[in-house]
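Scroll down for the structure; my scribbles are underneath it.
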Protein chains: 2
Amino acid sequence: MGDRLPLRAERRRRTEGRILDAARALFAEVGYERATVRAIAKAAGIDPALVMQYFGSKQALFQEAVRMAPEPDPGLGAEELVEGLLGTLDLKLGDLPQSSLAMLRSMLTHPEAAVSAREALGAQIDRLAAAIPGEDARLRAALVTMIMVGVTVGHQLLELDELRGVPQEEVARLLRPSLRALTGPEVS
Amino acid sequence: MGDRLPLRAERRRRTEGRILDAARALFAEVGYERATVRAIAKAAGIDPALVMQYFGSKQALFQEAVRMAPEPDPGLGAEELVEGLLGTLDLKLGDLPQSSLAMLRSMLTHPEAAVSAREALGAQIDRLAAAIPGEDARLRAALVTMIMVGVTVGHQLLELDELRGVPQEEVARLLRPSLRALTGPEVS
DNA sequence: TATTTCACTCAACAGGCGTTGACTCAACGA
DNA sequence: TCGTTGAGTCAACGCCTGTTGAGTGAAATA
């Protein structure tokens, strides 16, 4: 049923995928520095040298592992305004892809990850700011964004007892007024 | 005028201070992994071996550098209730000691820093929760705490353009309603 | 079938890391 | 004044890191 790829290309594709998956998981779990090429290769079931052959360097592998479609749109678009964020708030809180977690985990200690993070957060801020009225829209948008980052850090990365096991809708419910206070009363 | 310490003890005290200052600065700037013992020693103007002689291990040095008086009280006490946080909000945002920044910088990638962070944030949550009425006080307190962490991360560690150069009172002013939405309408 | 291609492994390199033990020499106590 | 203490240096250790180049054997090509 599936198209029969040449065996070699198929193998290559699969191996590349396994490396990327292992890399994302490890970067997300322990961050850039502690996720060694050897550990990633082991998790992918291959030789460390192959990682270099596929991606050139650890840094390049990281960038590839962290790269995302420049906003998968079922997220929040400018047209959905602020309610886009509020509506998918629990999704944002709970279902972040491994690539995002990898970036968040490393952004404070790995310079390149910090660059990626500033880009991604900057884009998010831009989108939000376009939907917020008033003078200090960008500042408000930045605060909203960092609130989400802070809560995500506590929930997914630090795994604070107070946030673990709490259903995402509950968090979203409590957070919504705080965010609305910053964005202004837009939609319902 | 000062009491004349024996020269040796005085030197020791000074050197230890210089090491700790250099360690705090570097841990805060680049995090635990990238702040090498050699770099810390160089910044303190001494030999790397002396760091070990003073603190035993890099890990022990980190713990010492990050340790704080268990709440210097001119911060927020339970008796000041939530307004304690809101009142000194700009202080919290701008004047964090190097030791706190060192902990925050490393908390996502260094396990021991994560432990310290969970302790410190847990204590903060406890204090806040005691001042928040209602069922989900601890959850609300945790969210308030992580909001502060998120904004601090964006401001001090990621140095987002949108937050850099913004006066702390401005940030505090915009943030206050959001926090109040979580804590409930306490004092003024 | 003979030849080339290429996914993959193996062994090793150079460099940086935390850490150690022997040493130096000025400050101290008797 | 003379032995002792201790702050500080120096050179080196073993380890782990990212990275490399030669080698292998099965799949592709002709």
Side-chain angles (χ1 to χ4, degrees), chain A residues 2-24 26-27 29-66 102 106 109-113, chain B residues 2-24 26-27 29-66 102 106 109-113:
Chain A
D3 34 4
R4 263 264 145 262
L5 271 194
L7 233 161
R8 283 240 266 256
E10 168 74 5
R11 268 184 80 82
R12 182 176 184 86
R13 206 188 54 79
R14 292 246 272 228
T15 302
E16 182 173 311
R18 287 221 315 282
I19 296 176
L20 276 175
D21 284 347
R24 275 190 270 258
L26 270 166
F27 284 140
E29 195 181 348
V30 300
Y32 183 84
E33 328 279 351
R34 296 182 113 88
T36 66
V37 171
R38 284 170 166 84
I40 292 171
K42 191 173 198 175
I46 50 133
D47 191 275
L50 197 58
V51 176
M52 309 309 294
Q53 203 168 118
Y54 268 70
F55 296 94
S57 71
K58 182 186 179 184
Q59 171 56 36
L61 168 63
F62 179 79
Q63 283 179 325
E64 200 70 25
V66 150
S106 306
T109 42
H110 183 54
E112 298 289 338
Chain B
D3 32 3
R4 263 262 145 263
L5 272 195
L7 233 159
R8 282 240 265 259
E10 170 73 4
R11 269 184 79 83
R12 181 175 185 87
R13 206 186 55 78
R14 294 246 272 227
T15 302
E16 182 173 312
R18 287 221 316 282
I19 297 176
L20 276 175
D21 284 347
R24 274 189 271 257
L26 270 166
F27 284 141
E29 195 180 348
V30 299
Y32 183 84
E33 329 278 350
R34 294 180 116 89
T36 65
V37 172
R38 283 171 166 84
I40 293 170
K42 190 173 199 174
I46 50 135
D47 192 274
L50 196 58
V51 175
M52 310 309 294
Q53 204 169 121
Y54 268 70
F55 296 95
S57 71
K58 182 187 180 182
Q59 171 56 35
L61 169 62
F62 179 79
Q63 283 179 325
E64 199 70 25
V66 151
S106 307
T109 42
H110 183 54
E112 298 289 337

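Throughout, a chain's letter reflects where its sequence line sits, starting with A, and its residues are numbered from 1.
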I want to verify a distance call: between D:dT19, D:dC10, D:dG8, whose nearest atom is closest to the A:K58 side chain? D:dT19
When rounded to the nearest 0.5 angstrom, what distance separates CZ in B:F62 from CG in B:L26? 12.5 Å
Where the side chain of B:T36 is defined as all heavy atoms beyond and including C-beta, which of C:dT9, C:dC17, D:dG18 is the nearest nucleotide? C:dC17
A:A49 side chain: which of C:dC10, C:dT20, D:dG18 is closest? C:dC10
Return the value, rounded to whole Å, for the distance between atom CG of A:L50 and atom P of C:dT9. 6 Å
Taking atom types as they are modelled, is there a donor-acceptor pair under 3.5 Å from the base of C:dA27 to the side chain of B:R8? yes
Inter-residue atom distance B:K42.NZ - B:I40.CD1, 0.5 Å rounding: 13.5 Å
Strictly below 4.0 Å: does A:R11 bring a side-chain N or O up to OP1 or OP2 of C:dC8? yes
Degree of bending, the helix from C:dT1-D:dA30 to C:dA30-D:dT1 (end axes from five pairs; round to 10°): 0°
Within the 4.0 Å heavy-atom criterion, would you say B:I46 contacts the bases, only the backbone, or no part of the nucleic acid? sugar-phosphate
Taking 4.0 Å as the cut-off, does a side-chain nitrogen or oxygen of B:Y54 come that near to OP1 or OP2 on D:dG8? yes
By nearest-heavy-atom nucleotide on DNA chain C, the more 5' of A:P48 and A:R38 is A:P48
Separation of B:Y54 OH from B:T15 OG1 (nearest 0.5 Å): 4.0 Å
Please list, chain by chain and in numerical order, all residues satisfying side chain to side chain contact (heavy atoms under 4.5 Å, CB included) with B:Q53, sequence neighbours excluded. B:L50
Between A:Y32 (OH) and D:dG18 (C1'), how many Å, whole number? 9 Å
Keeping to residues at least two apart or across chains, list the salt bridge (Lys or Arg N to Asp or Glu O under 4.0 Å) pairs with something in residues 47-59 of chain B. none
Can you tell me if B:R14 has over 12 outside heavy atoms packed within less than 6.0 Å of its CZ? no
Counting only side-chain nitrogens and oxygens, does B:T15 get under 4.0 Å of the OP1 or OP2 atom of D:dG8? yes
